[in-house]
Asker: 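Following this message is one structure expressed as C-alpha coordinates.
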There are 2 protein chains.
Amino acid sequence: MSITATARTASAAIDAIERLGVRETFAKDEEIYGQAEPVQRVYRVIHGAVRTTRLLSDGRRQVGEFYFPGDVFGLETGPDHRYSAEALCDCEVLSMKRSAVREDVAAADLQRMIWDATIRELDRTQEHVLMLGRKTACERVASFLLDIVGRNGGAGDLPMSRQDMADYLGLTIETVSRMLSQLQSSAVVEFDALRHFRIRNPQAIARLAA
Amino acid sequence: MSITATARTASAAIDAIERLGVRETFAKDEEIYGQAEPVQRVYRVIHGAVRTTRLLSDGRRQVGEFYFPGDVFGLETGPDHRYSAEALCDCEVLSMKRSAVREDVAAADLQRMIWDATIRELDRTQEHVLMLGRKTACERVASFLLDIVGRNGGAGDLPMSRQDMADYLGLTIETVSRMLSQLQSSAVVEFDALRHFRIRNPQAIARLAA
DNA sequence: CGGTCCATTGATGTCATTCAAGAAAAGTGG
DNA sequence: CCACTTTTCTTGAATGACATCAATGGACCG
(Lines give C-alpha, C1' and ligand atoms only; values in the text may rest on other atoms or scores of the structure.)
Protein backbone atom coordinates (compact mmCIF):
# COMPACT_ATOMS: atom_id res chain seq x y z
CA MET A 1 0.00 0.00 0.00
CA SER A 2 1.27 3.44 -0.93
CA ILE A 3 1.93 6.15 1.60
CA THR A 4 -0.77 8.39 0.17
CA ALA A 5 -3.38 5.64 0.36
CA THR A 6 -2.48 5.01 4.00
CA ALA A 7 -2.72 8.68 4.78
CA ARG A 8 -6.08 8.95 3.08
CA THR A 9 -7.45 5.96 4.98
CA ALA A 10 -6.14 7.34 8.24
CA SER A 11 -7.64 10.77 7.75
CA ALA A 12 -11.01 9.32 6.76
CA ALA A 13 -10.96 7.27 9.94
CA ILE A 14 -9.98 10.30 11.97
CA ASP A 15 -12.92 12.18 10.47
CA ALA A 16 -15.18 9.37 11.58
CA ILE A 17 -13.76 9.18 15.09
CA GLU A 18 -14.15 12.94 15.42
CA ARG A 19 -17.72 12.82 14.21
CA LEU A 20 -18.68 9.90 16.42
CA GLY A 21 -16.41 10.60 19.32
CA VAL A 22 -16.79 12.50 22.54
CA ARG A 23 -14.18 14.92 23.79
CA GLU A 24 -13.28 14.64 27.43
CA THR A 25 -10.68 16.24 29.65
CA PHE A 26 -8.88 14.55 32.51
CA ALA A 27 -6.83 16.08 35.28
CA LYS A 28 -3.33 14.83 36.05
CA ASP A 29 -3.45 11.29 37.53
CA GLU A 30 -7.16 10.95 36.90
CA GLU A 31 -8.29 7.50 35.82
CA ILE A 32 -9.62 7.18 32.28
CA TYR A 33 -10.58 3.55 32.68
CA GLY A 34 -9.76 0.99 35.33
CA GLN A 35 -8.15 -2.42 35.45
CA ALA A 36 -10.90 -5.08 35.18
CA GLU A 37 -13.48 -2.68 33.76
CA PRO A 38 -15.25 -3.85 30.61
CA VAL A 39 -13.72 -2.77 27.32
CA GLN A 40 -16.22 -0.43 25.69
CA ARG A 41 -14.51 2.52 24.07
CA VAL A 42 -11.56 3.38 21.89
CA TYR A 43 -9.58 6.51 22.70
CA ARG A 44 -7.32 8.94 20.94
CA VAL A 45 -5.10 11.48 22.63
CA ILE A 46 -5.79 15.06 21.52
CA HIS A 47 -3.27 16.74 23.76
CA GLY A 48 -1.43 15.85 26.89
CA ALA A 49 -0.29 12.28 27.51
CA VAL A 50 -1.62 9.05 28.96
CA ARG A 51 -0.09 6.00 30.63
CA THR A 52 -1.50 2.51 31.06
CA THR A 53 -0.58 0.69 34.26
CA ARG A 54 -1.10 -2.61 35.93
CA LEU A 55 -0.79 -3.32 39.64
CA LEU A 56 0.25 -6.52 41.36
CA SER A 57 -1.55 -7.32 44.59
CA ASP A 58 1.40 -6.17 46.70
CA GLY A 59 1.64 -2.80 44.99
CA ARG A 60 4.33 -3.45 42.42
CA ARG A 61 3.41 -1.50 39.33
CA GLN A 62 4.12 -1.97 35.64
CA VAL A 63 3.53 0.78 33.11
CA GLY A 64 2.39 -0.78 29.85
CA GLU A 65 2.76 2.14 27.51
CA PHE A 66 2.74 5.91 27.17
CA TYR A 67 0.49 7.60 24.64
CA PHE A 68 0.98 10.99 23.03
CA PRO A 69 -1.19 13.22 20.82
CA GLY A 70 -2.50 11.24 17.86
CA ASP A 71 -1.98 7.86 19.53
CA VAL A 72 -4.90 5.46 19.89
CA PHE A 73 -5.26 3.52 23.13
CA GLY A 74 -7.72 1.30 24.98
CA LEU A 75 -7.34 -1.37 22.32
CA GLU A 76 -7.13 -4.27 24.68
CA THR A 77 -9.28 -7.00 23.63
CA GLY A 78 -10.56 -9.34 26.25
CA PRO A 79 -13.93 -8.54 27.76
CA ASP A 80 -12.11 -6.59 30.49
CA HIS A 81 -9.15 -4.25 30.60
CA ARG A 82 -5.95 -5.74 31.93
CA TYR A 83 -4.34 -2.37 32.36
CA SER A 84 -5.87 0.85 33.62
CA ALA A 85 -5.33 4.16 31.82
CA GLU A 86 -4.52 7.41 33.60
CA ALA A 87 -3.82 10.98 32.55
CA LEU A 88 -0.11 11.68 32.81
CA CYS A 89 -0.85 15.39 32.94
CA ASP A 90 -3.98 17.43 32.35
CA CYS A 91 -5.11 16.22 28.98
CA GLU A 92 -7.86 15.88 26.45
CA VAL A 93 -8.94 12.69 24.73
CA LEU A 94 -11.50 11.73 22.15
CA SER A 95 -13.36 8.48 22.65
CA MET A 96 -16.04 6.51 20.88
CA LYS A 97 -18.02 3.42 21.65
CA ARG A 98 -16.75 0.29 20.02
CA SER A 99 -20.32 -0.63 19.16
CA ALA A 100 -20.65 2.59 17.15
CA VAL A 101 -17.99 1.33 14.77
CA ARG A 102 -20.28 -1.35 13.42
CA GLU A 103 -23.10 1.06 12.74
CA ASP A 104 -21.24 3.78 10.95
CA VAL A 105 -21.00 4.13 7.19
CA ALA A 106 -17.29 4.77 7.52
CA ALA A 107 -16.91 1.51 9.44
CA ALA A 108 -14.36 0.10 7.02
CA ASP A 109 -12.03 3.03 7.54
CA LEU A 110 -12.49 2.92 11.26
CA GLN A 111 -11.89 -0.76 11.50
CA ARG A 112 -8.83 -0.32 9.41
CA MET A 113 -7.63 2.36 11.79
CA ILE A 114 -8.26 0.14 14.79
CA TRP A 115 -6.44 -2.71 13.10
CA ASP A 116 -3.42 -0.52 12.32
CA ALA A 117 -3.34 0.80 15.86
CA THR A 118 -3.56 -2.74 17.25
CA ILE A 119 -0.68 -3.89 15.11
CA ARG A 120 1.39 -0.95 16.20
CA GLU A 121 0.53 -1.73 19.79
CA LEU A 122 1.62 -5.33 19.37
CA ASP A 123 4.89 -4.25 17.76
CA ARG A 124 5.66 -1.87 20.57
CA THR A 125 4.74 -4.41 23.22
CA GLN A 126 7.06 -6.98 21.65
CA GLU A 127 9.85 -4.43 21.68
CA HIS A 128 9.05 -3.80 25.33
CA VAL A 129 9.40 -7.52 26.06
CA LEU A 130 12.83 -7.60 24.46
CA MET A 131 13.91 -4.60 26.48
CA LEU A 132 12.67 -5.95 29.80
CA GLY A 133 13.97 -9.44 29.17
CA ARG A 134 17.42 -8.77 27.82
CA LYS A 135 18.62 -5.21 28.19
CA THR A 136 20.67 -3.68 30.99
CA ALA A 137 19.49 -0.69 33.01
CA CYS A 138 21.59 1.70 30.96
CA GLU A 139 20.38 0.24 27.67
CA ARG A 140 16.77 0.50 28.80
CA VAL A 141 17.08 4.14 29.71
CA ALA A 142 18.91 4.93 26.46
CA SER A 143 16.26 3.07 24.43
CA PHE A 144 13.58 4.98 26.23
CA LEU A 145 15.05 8.40 25.59
CA LEU A 146 15.58 7.53 21.95
CA ASP A 147 12.01 6.31 21.64
CA ILE A 148 10.64 9.50 23.18
CA VAL A 149 12.62 11.65 20.79
CA GLY A 150 11.52 9.51 17.85
CA ARG A 151 7.85 9.84 18.72
CA ASN A 152 8.00 13.52 19.45
CA GLY A 153 9.57 14.84 16.27
CA GLY A 154 13.00 15.17 17.81
CA ALA A 155 12.05 16.96 21.01
CA GLY A 156 13.20 15.56 24.35
CA ASP A 157 10.21 16.24 26.55
CA LEU A 158 9.40 13.87 29.38
CA PRO A 159 5.84 14.39 30.59
CA MET A 160 6.16 11.50 33.04
CA SER A 161 7.80 11.30 36.45
CA ARG A 162 10.90 9.26 37.18
CA GLN A 163 8.64 6.77 38.93
CA ASP A 164 6.60 6.33 35.75
CA MET A 165 9.78 5.81 33.75
CA ALA A 166 11.04 3.29 36.30
CA ASP A 167 7.79 1.35 36.23
CA TYR A 168 7.88 1.30 32.45
CA LEU A 169 11.50 0.15 32.34
CA GLY A 170 11.26 -2.44 35.11
CA LEU A 171 13.70 -0.52 37.32
CA THR A 172 13.65 1.64 40.46
CA ILE A 173 13.64 5.42 40.38
CA GLU A 174 17.12 5.47 41.90
CA THR A 175 18.50 3.34 39.09
CA VAL A 176 16.79 5.49 36.46
CA SER A 177 18.21 8.59 38.05
CA ARG A 178 21.70 7.13 38.18
CA MET A 179 21.57 6.06 34.54
CA LEU A 180 20.39 9.51 33.47
CA SER A 181 23.25 11.09 35.39
CA GLN A 182 25.65 8.65 33.82
CA LEU A 183 24.40 9.32 30.30
CA GLN A 184 24.72 13.03 30.95
CA SER A 185 28.21 12.85 32.41
CA SER A 186 29.36 10.79 29.43
CA ALA A 187 27.96 13.51 27.14
CA VAL A 188 25.42 11.26 25.46
CA VAL A 189 22.49 13.45 26.45
CA GLU A 190 22.11 16.78 28.17
CA PHE A 191 19.36 17.85 30.54
CA ASP A 192 18.56 21.53 30.71
CA ALA A 193 15.58 20.86 32.99
CA LEU A 194 14.37 17.88 35.00
CA ARG A 195 12.04 16.85 32.24
CA HIS A 196 13.69 18.20 29.15
CA PHE A 197 16.80 16.87 27.42
CA ARG A 198 18.47 16.75 24.06
CA ILE A 199 20.69 14.14 22.49
CA ARG A 200 24.30 15.19 22.22
CA ASN A 201 25.72 12.01 20.74
CA PRO A 202 23.21 10.26 18.47
CA GLN A 203 25.59 7.43 17.56
CA ALA A 204 26.40 6.64 21.16
CA ILE A 205 22.76 6.53 22.22
CA ALA A 206 21.82 4.41 19.21
CA ARG A 207 24.58 1.97 20.08
CA LEU A 208 23.44 1.77 23.69
CA ALA A 209 19.84 1.21 22.67
CA ALA A 210 21.16 -1.77 20.67
CA MET B 1 -21.27 -12.95 21.60
CA SER B 2 -22.27 -16.38 22.80
CA ILE B 3 -19.90 -19.28 23.18
CA THR B 4 -21.60 -21.30 20.48
CA ALA B 5 -21.41 -18.45 17.98
CA THR B 6 -17.71 -18.06 18.69
CA ALA B 7 -17.13 -21.75 18.23
CA ARG B 8 -19.03 -21.74 14.94
CA THR B 9 -17.03 -18.82 13.62
CA ALA B 10 -13.79 -20.45 14.68
CA SER B 11 -14.57 -23.74 13.03
CA ALA B 12 -15.64 -22.03 9.80
CA ALA B 13 -12.34 -20.19 9.79
CA ILE B 14 -10.47 -23.39 10.49
CA ASP B 15 -12.23 -25.00 7.54
CA ALA B 16 -11.07 -22.11 5.38
CA ILE B 17 -7.50 -22.20 6.59
CA GLU B 18 -7.41 -25.93 5.97
CA ARG B 19 -8.80 -25.54 2.49
CA LEU B 20 -6.48 -22.69 1.57
CA GLY B 21 -3.51 -23.67 3.64
CA VAL B 22 -0.42 -25.71 2.97
CA ARG B 23 0.81 -28.33 5.38
CA GLU B 24 4.49 -28.31 6.10
CA THR B 25 6.75 -30.20 8.46
CA PHE B 26 9.80 -28.77 10.18
CA ALA B 27 12.59 -30.56 11.99
CA LYS B 28 13.61 -29.58 15.50
CA ASP B 29 15.27 -26.13 15.48
CA GLU B 30 14.48 -25.54 11.84
CA GLU B 31 13.56 -21.97 10.96
CA ILE B 32 9.99 -21.37 9.85
CA TYR B 33 10.57 -17.72 9.09
CA GLY B 34 13.39 -15.37 9.88
CA GLN B 35 13.80 -12.07 11.67
CA ALA B 36 13.54 -9.24 9.09
CA GLU B 37 11.85 -11.41 6.46
CA PRO B 38 8.68 -9.96 4.94
CA VAL B 39 5.43 -10.96 6.59
CA GLN B 40 3.54 -13.05 4.07
CA ARG B 41 1.84 -15.99 5.69
CA VAL B 42 -0.22 -16.87 8.73
CA TYR B 43 0.50 -20.15 10.49
CA ARG B 44 -1.28 -22.59 12.72
CA VAL B 45 0.38 -25.38 14.70
CA ILE B 46 -1.01 -28.83 13.88
CA HIS B 47 1.26 -30.77 16.16
CA GLY B 48 4.55 -30.19 17.88
CA ALA B 49 5.44 -26.73 19.16
CA VAL B 50 7.01 -23.50 17.93
CA ARG B 51 8.94 -20.66 19.52
CA THR B 52 9.51 -17.13 18.28
CA THR B 53 12.86 -15.54 19.11
CA ARG B 54 14.69 -12.32 18.67
CA LEU B 55 18.43 -11.81 18.81
CA LEU B 56 20.39 -8.78 19.91
CA SER B 57 23.56 -8.05 17.97
CA ASP B 58 25.76 -9.48 20.71
CA GLY B 59 23.86 -12.76 20.86
CA ARG B 60 21.50 -12.13 23.73
CA ARG B 61 18.26 -13.88 22.89
CA GLN B 62 14.67 -13.25 23.85
CA VAL B 63 11.94 -15.81 23.27
CA GLY B 64 8.73 -14.00 22.39
CA GLU B 65 6.23 -16.79 22.74
CA PHE B 66 5.66 -20.54 22.56
CA TYR B 67 2.91 -21.93 20.36
CA PHE B 68 1.11 -25.25 20.76
CA PRO B 69 -1.34 -27.22 18.60
CA GLY B 70 -4.23 -25.01 17.57
CA ASP B 71 -2.34 -21.76 18.18
CA VAL B 72 -1.98 -19.23 15.38
CA PHE B 73 1.34 -17.46 14.93
CA GLY B 74 3.17 -15.21 12.47
CA LEU B 75 0.70 -12.42 13.15
CA GLU B 76 3.23 -9.66 13.41
CA THR B 77 2.26 -6.78 11.44
CA GLY B 78 4.94 -4.52 10.17
CA PRO B 79 6.20 -5.19 6.68
CA ASP B 80 8.89 -7.41 8.22
CA HIS B 81 9.03 -9.91 11.04
CA ARG B 82 10.62 -8.68 14.23
CA TYR B 83 10.93 -12.16 15.64
CA SER B 84 11.92 -15.36 13.87
CA ALA B 85 9.95 -18.58 14.32
CA GLU B 86 11.56 -21.97 14.85
CA ALA B 87 10.33 -25.50 15.42
CA LEU B 88 10.75 -26.45 19.07
CA CYS B 89 10.61 -30.10 18.12
CA ASP B 90 9.73 -31.92 14.92
CA CYS B 91 6.40 -30.44 14.04
CA GLU B 92 3.74 -29.81 11.47
CA VAL B 93 2.17 -26.47 10.68
CA LEU B 94 -0.47 -25.23 8.32
CA SER B 95 0.11 -21.92 6.61
CA MET B 96 -1.67 -19.70 4.16
CA LYS B 97 -0.83 -16.55 2.28
CA ARG B 98 -2.19 -13.41 3.81
CA SER B 99 -3.19 -12.23 0.36
CA ALA B 100 -5.38 -15.33 -0.05
CA VAL B 101 -7.55 -14.10 2.80
CA ARG B 102 -8.88 -11.24 0.73
CA GLU B 103 -9.84 -13.43 -2.16
CA ASP B 104 -11.66 -16.15 -0.34
CA VAL B 105 -15.42 -16.33 0.10
CA ALA B 106 -14.93 -17.20 3.75
CA ALA B 107 -12.80 -14.07 4.18
CA ALA B 108 -14.97 -12.66 6.93
CA ASP B 109 -14.52 -15.74 9.08
CA LEU B 110 -10.83 -15.83 8.41
CA GLN B 111 -10.33 -12.20 9.18
CA ARG B 112 -12.29 -12.69 12.35
CA MET B 113 -10.01 -15.57 13.27
CA ILE B 114 -6.91 -13.48 12.58
CA TRP B 115 -8.35 -10.65 14.63
CA ASP B 116 -9.09 -12.95 17.57
CA ALA B 117 -5.63 -14.48 17.40
CA THR B 118 -4.04 -11.02 17.28
CA ILE B 119 -5.96 -9.90 20.33
CA ARG B 120 -4.93 -13.02 22.17
CA GLU B 121 -1.35 -12.40 21.17
CA LEU B 122 -1.50 -8.85 22.46
CA ASP B 123 -2.99 -10.02 25.76
CA ARG B 124 -0.29 -12.60 26.23
CA THR B 125 2.46 -10.17 25.31
CA GLN B 126 1.16 -7.64 27.85
CA GLU B 127 1.20 -10.37 30.47
CA HIS B 128 4.76 -11.14 29.44
CA VAL B 129 5.71 -7.48 29.96
CA LEU B 130 4.31 -7.52 33.47
CA MET B 131 6.21 -10.68 34.27
CA LEU B 132 9.54 -9.46 32.93
CA GLY B 133 9.17 -6.02 34.42
CA ARG B 134 7.98 -6.77 37.90
CA LYS B 135 8.19 -10.42 38.91
CA THR B 136 11.02 -12.22 40.69
CA ALA B 137 12.80 -15.24 39.25
CA CYS B 138 10.73 -17.62 41.36
CA GLU B 139 7.47 -15.93 40.40
CA ARG B 140 8.38 -16.03 36.73
CA VAL B 141 9.08 -19.74 36.79
CA ALA B 142 5.91 -20.44 38.76
CA SER B 143 3.84 -18.31 36.34
CA PHE B 144 5.37 -20.17 33.44
CA LEU B 145 4.60 -23.63 34.79
CA LEU B 146 1.05 -22.58 35.57
CA ASP B 147 0.62 -21.15 32.09
CA ILE B 148 1.89 -24.33 30.47
CA VAL B 149 -0.52 -26.45 32.47
CA GLY B 150 -3.37 -24.09 31.65
CA ARG B 151 -2.72 -24.25 27.94
CA ASN B 152 -2.22 -27.97 27.84
CA GLY B 153 -5.38 -29.20 29.51
CA GLY B 154 -3.68 -29.79 32.83
CA ALA B 155 -0.66 -31.72 31.60
CA GLY B 156 2.81 -30.59 32.64
CA ASP B 157 4.81 -31.22 29.48
CA LEU B 158 7.73 -28.98 28.64
CA PRO B 159 8.70 -29.36 24.99
CA MET B 160 11.33 -26.64 25.33
CA SER B 161 14.85 -26.74 26.75
CA ARG B 162 15.87 -24.93 29.92
CA GLN B 163 17.63 -22.42 27.68
CA ASP B 164 14.38 -21.68 25.87
CA MET B 165 12.61 -21.22 29.19
CA ALA B 166 15.37 -18.95 30.43
CA ASP B 167 15.24 -16.81 27.28
CA TYR B 168 11.48 -16.55 27.61
CA LEU B 169 11.66 -15.61 31.28
CA GLY B 170 14.56 -13.18 31.01
CA LEU B 171 16.79 -15.36 33.22
CA THR B 172 19.76 -17.72 32.87
CA ILE B 173 19.44 -21.49 32.68
CA GLU B 174 21.13 -21.80 36.05
CA THR B 175 18.55 -19.59 37.71
CA VAL B 176 15.70 -21.46 36.04
CA SER B 177 17.18 -24.72 37.22
CA ARG B 178 17.58 -23.47 40.76
CA MET B 179 14.02 -22.18 40.91
CA LEU B 180 12.67 -25.48 39.60
CA SER B 181 14.65 -27.33 42.27
CA GLN B 182 13.36 -24.93 44.88
CA LEU B 183 9.74 -25.34 43.80
CA GLN B 184 10.19 -29.07 43.88
CA SER B 185 11.83 -29.19 47.29
CA SER B 186 9.06 -27.03 48.72
CA ALA B 187 6.54 -29.52 47.32
CA VAL B 188 4.87 -27.03 44.99
CA VAL B 189 5.55 -29.13 41.91
CA GLU B 190 7.04 -32.52 41.25
CA PHE B 191 9.19 -33.56 38.31
CA ASP B 192 9.10 -37.19 37.31
CA ALA B 193 11.24 -36.48 34.24
CA LEU B 194 13.34 -33.56 33.06
CA ARG B 195 10.52 -32.25 30.96
CA HIS B 196 7.46 -33.51 32.73
CA PHE B 197 5.99 -32.28 35.98
CA ARG B 198 2.75 -32.06 37.84
CA ILE B 199 1.46 -29.49 40.29
CA ARG B 200 1.33 -30.73 43.86
CA ASN B 201 0.13 -27.55 45.52
CA PRO B 202 -2.16 -25.53 43.25
CA GLN B 203 -2.78 -22.80 45.81
CA ALA B 204 0.90 -22.27 46.45
CA ILE B 205 1.78 -22.01 42.79
CA ALA B 206 -1.14 -19.68 42.12
CA ARG B 207 0.01 -17.45 44.95
CA LEU B 208 3.57 -17.40 43.62
CA ALA B 209 2.40 -16.58 40.10
CA ALA B 210 0.64 -13.58 41.71
C1' DC C 1 29.72 -48.67 26.19
C1' DG C 2 31.55 -44.17 25.35
C1' DG C 3 30.73 -39.57 23.66
C1' DT C 4 27.99 -35.49 23.48
C1' DC C 5 24.69 -32.57 25.05
C1' DC C 6 21.85 -30.74 28.57
C1' DA C 7 20.76 -29.94 33.36
C1' DT C 8 22.01 -29.34 38.17
C1' DT C 9 24.71 -27.63 41.92
C1' DG C 10 28.29 -24.86 44.22
C1' DA C 11 31.41 -20.77 44.71
C1' DT C 12 32.07 -16.25 43.56
C1' DG C 13 31.06 -11.82 41.36
C1' DT C 14 28.26 -7.96 39.76
C1' DC C 15 24.49 -5.10 38.75
C1' DA C 16 20.50 -3.31 40.40
C1' DT C 17 17.90 -2.68 44.72
C1' DT C 18 17.25 -1.06 49.24
C1' DC C 19 18.01 2.03 52.85
C1' DA C 20 19.19 6.60 54.07
C1' DA C 21 20.21 11.40 53.55
C1' DG C 22 20.16 15.62 51.29
C1' DA C 23 19.11 18.85 47.34
C1' DA C 24 16.14 20.77 44.09
C1' DA C 25 11.66 21.77 42.45
C1' DA C 26 6.79 22.51 42.97
C1' DG C 27 2.95 23.71 45.53
C1' DT C 28 0.61 26.70 49.42
C1' DG C 29 -0.73 30.45 52.02
C1' DG C 30 0.40 34.77 53.73
C1' DC D 1 6.88 37.84 46.07
C1' DC D 2 8.47 35.35 49.78
C1' DA D 3 8.64 31.80 53.72
C1' DC D 4 7.15 27.28 54.44
C1' DT D 5 5.77 22.65 53.41
C1' DT D 6 5.52 18.80 50.41
C1' DT D 7 6.89 16.25 46.73
C1' DT D 8 10.28 14.72 43.54
C1' DC D 9 14.83 13.84 42.27
C1' DT D 10 19.70 12.77 43.13
C1' DT D 11 23.54 10.67 45.39
C1' DG D 12 25.97 7.52 48.61
C1' DA D 13 26.64 3.15 51.18
C1' DA D 14 25.17 -1.45 52.15
C1' DT D 15 22.61 -5.39 50.82
C1' DG D 16 20.69 -8.81 47.95
C1' DA D 17 19.12 -11.29 43.79
C1' DC D 18 20.54 -13.04 39.89
C1' DA D 19 24.61 -13.85 36.76
C1' DT D 20 28.90 -15.89 35.83
C1' DC D 21 32.34 -19.27 36.25
C1' DA D 22 33.40 -23.96 37.17
C1' DA D 23 32.60 -28.74 38.12
C1' DT D 24 29.67 -32.68 38.37
C1' DG D 25 25.78 -35.51 37.18
C1' DG D 26 22.48 -37.59 34.19
C1' DA D 27 20.06 -38.37 29.70
C1' DC D 28 20.24 -39.45 25.00
C1' DC D 29 22.33 -41.57 20.87
C1' DG D 30 25.29 -43.84 17.87
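Just the heavy atoms: all of them, side chains too, but no hydrogens, waters or symmetry mates, feed the values below. Keep in mind that what you see is a predicted model, and the values were worked out from it rather than measured. The sequence lines fix the lettering, A, B, ..., with proteins before strands; numbering per chain opens at 1.
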Asker: Quick test of your reading of the model: are Glu24(B) and Arg41(B) salt-bridged, counting only N-O distances below 4.0 Å?
Answerer: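 No, no charged N to carboxylate O under 4.0 Å.
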
Asker: Leu180(A) CG to dA24(C) P: how many Å, rounded?
Answerer: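 In whole Å, dA24(C) P lies 17 Å from Leu180(A) CG.
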
Asker: According to a strict under-4.0 Å criterion, is Thr136(A) in side-chain N/O contact with OP1 or OP2 of dC15(C)?
Answerer: no

Asker: So which atom in Asn152(B) and which in Asp157(B) form the shortest heavy-atom distance, rounded to 0.1 Å?
Answerer: ND2-OD2, 3.6 Å

Asker: May I ask you to say whether Glu92(B) pairs ionically with Arg23(B), meaning some side-chain N is under 4.0 Å from a carboxylate O?
Answerer: yes

Asker: Between P on dC6(C) and CZ on Arg178(B), what's the gap in Å once rounded to a whole number?
Answerer: 19 Å

Asker: Is Arg134(B) side chain donor-acceptor paired with the dT17(C) base, going by distance under 3.5 Å alone?
Answerer: no

Asker: Give the rounded distance in Å between these two atoms: NZ of Lys28(B) and C1' of dC29(D).
Answerer: 14 Å

Asker: If we check salt bridge (Lys or Arg N to Asp or Glu O under 4.0 Å) with Glu65(B), which of these qualifies: Arg151(B), Arg120(B), Arg51(B)?
Answerer: Arg151(B)

Asker: Classify the side chain of Gln163(A) versus the base of dC9(D) as yes if they form a donor-acceptor pair under 3.5 Å and no if they do not.
Answerer: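 Side chain to base: no pair below 3.5 Å.
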
Asker: To the nearest angstrom, how far is Asp167(B) atom CG from dA7(C) atom P?
Answerer: 12 Å

Asker: Side-chain N or O of Arg162(A) less than 4.0 angstrom from OP1 or OP2 on dT10(D)?
Answerer: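 Answer is yes, contact under 4.0 Å.
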
Asker: Using atom CG of Asp192(A) as one end and atom P of dA24(C) as the other, report the distance to the nearest whole Å.
Answerer: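 Computing the Asp192(A):CG to dA24(C):P distance gives 17 Å.
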
Asker: Could you tell me the separation between the CG atom of Leu194(A) and the P atom of dT7(D), rounded to a whole number of Å?
Answerer: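 Distance, rounded to whole Å: 17 Å.
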
Asker: By the 4.0 Å heavy-atom rule, please label Thr175(A) as base, sugar-phosphate, or nothing.
Answerer: base

Asker: Within less than 4.0 Å of OP1 or OP2 of dT18(C), is there a side-chain N or O belonging to Thr172(A)?
Answerer: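 False: Thr172(A) side-chain N/O out of range (4.0 Å or more) of dT18(C) OP1/OP2.
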
Asker: Specify the separation, in whole Å, of atom CZ of Arg60(A) and atom P of dT17(C).
Answerer: 13 Å

Asker: Between C1' on dT8(D) and CD1 on Ile173(A), what's the gap in Å once rounded to a whole number?
Answerer: 8 Å

Asker: Determine whether a donor-acceptor pair (N or O, by modelled atom type, separation under 3.5 Å) exists between the side chain of Glu37(B) and the backbone of Asp80(B).
Answerer: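 Checking the backbone N and O of Asp80(B) against the side chain of Glu37(B), no donor-acceptor pair under 3.5 Å is found.
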
Asker: Give the nucleotide from the list dC18(D), dA27(D), dT11(D) with an atom nearest to the side chain of Leu171(B).
Answerer: dC18(D)

Asker: What is the nucleic acid contact for Arg195(A), judged by heavy atoms within less than 4.0 Å: base, sugar-phosphate only, or nothing?
Answerer: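 Sugar-phosphate: the residue Arg195(A), judged by heavy atoms under 4.0 Å, touches backbone atoms but no base.
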
